[in-house]
Trainee: 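Next up is a structure, given as C-alpha cells.
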Amino acid sequence: MFKKAVEARSHQRLSGADRKKLKRSLKNKFPGASESDIDSLLPPKVEIAVAKFQNRVHVYGVEGGFPIFFDIDGRGTDIFPTVYALWKVPDLLPSFVLKGGEVSRYIIGGADLMFPGISIPAEGLPSFIAGEAWAVKVPGNPAPIAVGTTTMSSTEAAKAGLRGKALKIMHYYHDLLWESVECPYVPNAGFFEDVVFEDPTLSSLQVSDSYSGANYSSNDQQNGISDKENGKSVDVADVLSEPSSASVAQTNSGNEIAEEIAAHVDDLKVTDDGSADQSIGEDQHPLSTEDVDTLLEKCLLQALHTTVKDKDLPMPGSTLWSNHVLPCRPSGITLDIKKSSYKKLSKWLQAKSSTGLITVKEDKYKKESILLSVNRKHPDYSSFKPEKRQVEKTVQTGVPTVSESRSLKMLEVVEVYKPSVHVNPILASVGADTGKLYSASEATDIVFTYVEKENLVKQTDKSIVVLDPILCDALFKGAIKKGTMYPTEIHKRDLGAAFVNRMQAHHVVTRGSESVVRKGGLKTIQIMTERRQGNKKVTKLSGLETFLVDPEALASELQKKFACSTTVVELPGKKGHEVVVQGGVIDDLAKHMIEQYGIPKRFIEVLDKTRR
C-alpha cells in the first residue's frame, strides 16, 4: 500500500494515555507477543510519535528511530508491524516461506503472494483464517521481507486446491515506507510541536491511498522459475497468476529495481534486539538546562536569519516554534522547551522580547504569544553567523504532483499598514516615506529607530521607553478619554503593537504573479444553497474577486468536478460575479476552495437555506 505519494496531514507526539492505548491495541492484535517484545519495539523511556495521513493511515515510530507500526484505518484495529520491526522481533507474526528466492523479486516489486508460490511444509498448510496478518520470508533466512493479510482461510484454500491469492501485501522491503528511512533529512514545515524525528522516518513518509497490489508477471513474461532449495524446476503457471494490463505495466517499469533488490534479499540478517536500542540511546545525550538555553538561543537566531521573513509577521508563537525554531536544531538533538530554564514557550519569547531582539504581544483571547517584529539591528542578530544547510534537490519528470499543482493556485494574504496622521510625525523624523505601505515589523523598526534617535530609553530600566510629546501624541492622541492623564512611559514589548494599531490596516492579496492591495479587512466568500422551483437545489458562490479567483475558470472547473451545469451571472448593483452550481454541493464546494485555492476557512461564509 506504500506506493503512491500522499502528504502527511499532521505529525504529533503521543501522550501518555495514547501510548498506553497503543500498547493495549498491540497486545490484543498480537497475543503471542510478550511484554519484552513490545518494550523492545517501543521502549518505555523513549517518546513515540505518529504521522497521520489523508487516507487515514497512521504510522507510529520511535523518536530518533524508524517506523515500527502502521494502522491502515487509524482506528487501532488493523495495526501491522513494519519489516524493520519484524527484523527485531521475527516471531511477532506467523510467516509463509516462499518456494524459492526468485519469487521474492515479485513480492518486493509490489505483487501479492499467490498460493503456488508458498512452500508447503511436510505437515501440511498451517491453520489460519481470512484477514489475519502474516509475514513473508525467503528460504533459509529468518528476516521477513513483507507483511500482509490472508485473503481466505486455510479451509477455503484447501477447497480451492491451493490456487489463487494467499496474501494481500500491505508493506514490503524497499517500498516507500522503507525508502523513507534511507532518504536524507530535509527540514520542512511538517514538524512536531515539541519533539520530532531526527531520522527521516515519519516526517518524510509517503503513503499510498489504495491498498491494492500488483499481481505477478504472466506466463508470457517468464517461462519458468528454478527452485534453489529443492533443486528442481517450478513451472511459472504454478507460481504466477494472470495479471491485469495495469499491473503488468507497473511490474515491468520496476523490474530492474526489483531484480537488484531481490539479489540481496537472501543476505538479509536479523539484528540483535539490543543493537537498535543501543543506537538510539548512544545518539542521544541528556542536555543540561544551560545547554538547552544556549541551544534555544542558537536555533532562534538561525531561524530569524533563514526562515522567518518580515512578510510572515505577525506570527503565532506556536508557529515560530514548530515551523522555524525546531527545524534549526542540530541533527540527533531533541529540543524541549520544558527542559530549559524558561519552562514555557511564552516565558522564553517574553524574555527575548525584553532584550529587544524581537517584539512579542500576548493575545488575550487565544492566550498565546504573537511575534510582531524582529530587530535585525540587534547586536545578537548582527553578530550571529547562520549555518548553511544543504537541501538535496530531486529531479522530477513527467506529470507534476498534486502538491505542485496546488502551489500554483495557493493564496498569500499579507497584512500591511498605511501611515496615518497620528504617526506621520514619527516617520518624517526618521526620514521614512509617509505614503508607503509597511509591514508590522517595518513599522516597529521605524518607531524603535525614533526611540534610539531621540534617546528615549529609560536609563534605570532599559525595557522602558520614555514618551516625549511627539511619540505620546502618535500613540495616544484621541484614544485617551477626556480628563485622563496621558502615560509618560511604555514598555518596549508594547511599543511596536501600539504604534502599528495607530496605522490604517490594508491587505496585499497575491496569487501567482498577480497581486492587489485592498484597504481594511478582507471580505469573505459567500457560499449559499437554496431551493428553486421543482424542489431543486442550487449553490451560489460570490466574492471570488477579492481572492483573485476567475469566476469563469472556476465555473468550468466545478462543472467537471461535480458533473453538473454551472453559470456565471453578474451581481445586480454590485461589482463582481456569482457562480451558480446546480445541486446542493455547499460542503464539497467549501472544501474545494480551501484545498485547491488556499482560501483560509475564516474567510468563507456558508449558509444552507435548505436545512431550515
Side-chain angles (χ1 to χ4, degrees), residues 1-4 55 57 70 72-73 78-83 86 93-120 125-126 128-139 144-179 207-222 225 227 234-255 257-259 261-262 265:
M1 61 180 293
F2 296 92
K3 294 180 181 179
K4 300 178 183 178
N55 56 355
V57 174
F70 61 94
I72 63 174
D73 61 1
D78 289 323
I79 299 180
F80 297 86
T82 63
V83 170
L86 290 176
L93 290 180
S95 59
F96 292 118
V97 179
L98 301 179
K99 278 189 175 180
E102 292 83 353
V103 182
S104 64
R105 74 186 184 96
Y106 298 102
I107 301 299
I108 60 180
D112 291 331
L113 177 62
M114 314 303 289
F115 277 111
I118 299 175
S119 177
I120 307 299
L125 189 69
F128 54 86
I129 61 175
E132 278 189 344
W134 280 64
V136 179
K137 297 180 180 179
V138 294
I145 64 170
V147 179
T149 57
T150 54
T151 60
M152 64 181 74
S153 66
S154 55
T155 304
E156 294 171 335
K159 291 180 180 180
L162 297 181
R163 295 280 180 173
K165 186 183 297 184
L167 205 64
K168 185 177 182 180
I169 300 299
M170 313 299 291
H171 158 56
Y172 53 89
Y173 175 64
H174 265 285
D175 63 0
L176 288 182
L177 175 59
W178 177 274
E179 292 295 341
V207 184
S208 168
D209 55 359
S210 65
Y211 303 151
S212 62
N215 291 329
Y216 301 139
S217 299
S218 67
N219 300 342
D220 295 335
Q221 291 175 302
Q222 301 289 336
I225 296 178
D227 194 326
V234 180
D235 188 359
V236 73
D238 296 333
V239 182
L240 310 178
S241 67
E242 188 69 24
S244 62
S245 59
S247 63
V248 171
Q250 183 177 2
T251 304
N252 289 340
S253 64
N255 201 33
I257 298 176
E259 288 181 356
I261 297 172
V265 169

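Quick note: numbers below take in every heavy atom, side chains included, and nothing from hydrogens, waters or symmetry partners. Numbers here simply count residues along the sequence, with the first being 1.
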Trainee: Quick one: are the ring centres of F80 and H171 less than 6.0 Å apart?
Mentor: no

Trainee: If you round to the nearest 0.5 Å, how far is CZ of F70 from CE of M170?
Mentor: 6.0 Å

Trainee: So V147 and T82, do their side chains get closer than 4.5 Å, heavy atoms only?
Mentor: no

Trainee: Could you pull out the closest heavy-atom pair between A166 and I118, with the gap in Å?
Mentor: CB-CD1, 3.7 Å

Trainee: Which heavy atom of D112 sits nearest to which heavy atom of L167, and what is that distance?
Mentor: CB-O, 3.3 Å

Trainee: Please name the pair of heavy atoms, one in P81 and one in L86, separated by the smallest distance, quoted to 0.1 Å.
Mentor: CG-CD2, 3.8 Å

Trainee: If I compare all heavy atoms of P144 with all of V83, which pair ends up nearest, and what's the gap?
Mentor: O-CG1, 3.4 Å

Trainee: If you take all heavy atoms of R163 and M152, which pair is closest and at what distance?
Mentor: O-CE, 4.5 Å

Trainee: Mind checking what makes side-chain contact (heavy atoms from CB on, under 4.5 Å) contact with L162, not counting sequence neighbours?
Mentor: F115, I120, L125, A157

Trainee: I'd like to check D78 versus T149 (side-chain heavy atoms, cut-off strictly below 4.5 Å). Are they in contact?
Mentor: no

Trainee: Could you state the interatomic distance from CD1 (I107) to CG (L113), rounded to the nearest 0.5 Å?
Mentor: 4.5 Å

Trainee: For S95 and K137, indicate whether the former's side chain and the latter's backbone hold a donor-acceptor pair under 3.5 Å.
Mentor: no

Trainee: State, to 0.1 Å, how close S154 and P126 come at their nearest heavy-atom pair, and which atoms those are.
Mentor: CB-O, 3.5 Å

Trainee: Once ring-ring contact (aromatic ring centres under 6.0 Å, His included) is applied, do any residues pair with F128, and if so which ones, sequence neighbours excluded?
Mentor: F96, W134

